[in-house]
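Small disclaimer: the values here were computed from a predicted structure and weren't measured. Excluded from the calculations below are hydrogen atoms, water molecules and symmetry mates; all remaining heavy atoms, backbone and side chain alike, are included.
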Amino acid sequence: ETYWSKGIFRASVVVAGYLTFPLWCKIFINFQTGDPEDFSVVVGQIAPNIGVLYATLLSLTLSVLYQRFTRIQENVSTEAMLLSQITRNLLSLFADEPEWAQES
């Protein structure tokens, strides 16, 4: 898997976004030529976009986790089927000697 699917990368993106948002607001307010109250319009348009970014990050995380969960389910199903097959083979192999079948 790639680096972006590791937990530390996803957590650092969330923390970096959370911590740098006020900094970006302070930086952009210095470049503002109009009334400071108009800046709230910009923040009102940027904040939903950041929400969309976080939702995308969450969606990616859930997608990776669901793929892992699906692979685990497939592996467990395969292992259970193989154990069942081995048990049936052992029981049929030792059908004449029940004590050996019980031990195996």
Side-chain angles (χ1 to χ4, degrees):
E1 297 185 24
T2 57
Y3 71 94
W4 54 264
S5 65
K6 296 187 191 252
I8 190 70
F9 180 77
R10 291 191 302 263
S12 64
V13 168
V14 171
V15 169
Y18 181 79
L19 293 176
T20 59
F21 182 71
L23 175 68
W24 287 113
C25 289
K26 288 179 184 176
I27 290 171
F28 289 135
I29 204 165
N30 292 333
F31 295 113
Q32 182 180 359
T33 58
D35 189 21
E37 292 177 3
D38 292 337
F39 187 67
S40 64
V41 174
V42 174
V43 172
Q45 293 174 356
I46 290 176
N49 292 333
I50 290 175
V52 169
L53 288 174
Y54 285 141
T56 303
L57 182 65
L58 178 65
S59 172
L60 176 66
T61 302
L62 292 178
S63 174
V64 169
L65 289 176
Y66 183 74
Q67 289 173 357
R68 289 179 184 171
F69 179 70
T70 303
R71 283 190 306 222
I72 289 171
Q73 278 185 325
E74 291 171 358
N75 289 340
V76 167
S77 177
T78 302
E79 289 290 329
M81 186 261 314
L82 290 174
L83 283 172
S84 173
Q85 185 178 6
I86 287 173
T87 304
R88 278 186 272 134
N89 289 342
L90 285 173
L91 289 176
S92 66
L93 182 65
F94 297 118
D96 296 335
E97 290 122 2
E99 289 180 11
W100 286 9
Q102 189 176 10
E103 284 183 28
S104 62

S.K.: Check which hydrophobic residues are tied to L62 through side-chain heavy-atom contacts below 4.5 Å, counting indirect links as well, and list them.
M.R.: L58
S.K.: Please check if the number of heavy atoms outside Y18 that lie under 6.0 Å from its OH is greater than 12.
M.R.: no
S.K.: Grab the two heavy atoms, one from A16 and one from T20, that are nearest each other, plus how far apart they are.
M.R.: O-OG1, 2.7 Å
S.K.: Would L65 end up clustered with L60 when hydrophobic side chains under 4.5 Å apart are linked, directly or stepwise?
M.R.: no
S.K.: Side-chain heavy atoms under 4.5 angstrom apart, residues restricted to Ile, Leu, Val, Met, Phe, Trp, Tyr: same cluster for Y54 and F21?
M.R.: yes
S.K.: Between the main-chain N or O of V52 and the side-chain N or O of T56, is there a donor-acceptor pair closer than 3.5 Å?
M.R.: yes
S.K.: Return the minimal non-hydrogen interatomic distance between L57 and R10, and the atom names on each side.
M.R.: CD2-O, 3.9 Å
S.K.: Nearest 0.5 Å, please: how far is CG in L91 from CD1 in I86?
M.R.: 12.0 Å
S.K.: Short question: side chain of S63, backbone of S59 - any donor-acceptor pair under 3.5 Å?
M.R.: no
S.K.: To the nearest 0.5 Å, how far apart are OG1 in T78 and CG in L83?
M.R.: 11.0 Å
S.K.: How long is the gap from CG on L82 to CG on N89, to the nearest 0.5 Å?
M.R.: 10.5 Å
S.K.: To the nearest 0.5 Å, tell me how far Q85 CD sits from L90 CG.
M.R.: 11.0 Å
S.K.: Out of curiosity, does L19 fall in the hydrophobic cluster containing V14 (side-chain heavy atoms, cut-off under 4.5 Å, transitive links)?
M.R.: yes
S.K.: Ignoring hydrogens and geometry, is there a side-chain-to-backbone donor-acceptor pair from S77 to Q73 under 3.5 Å?
M.R.: no
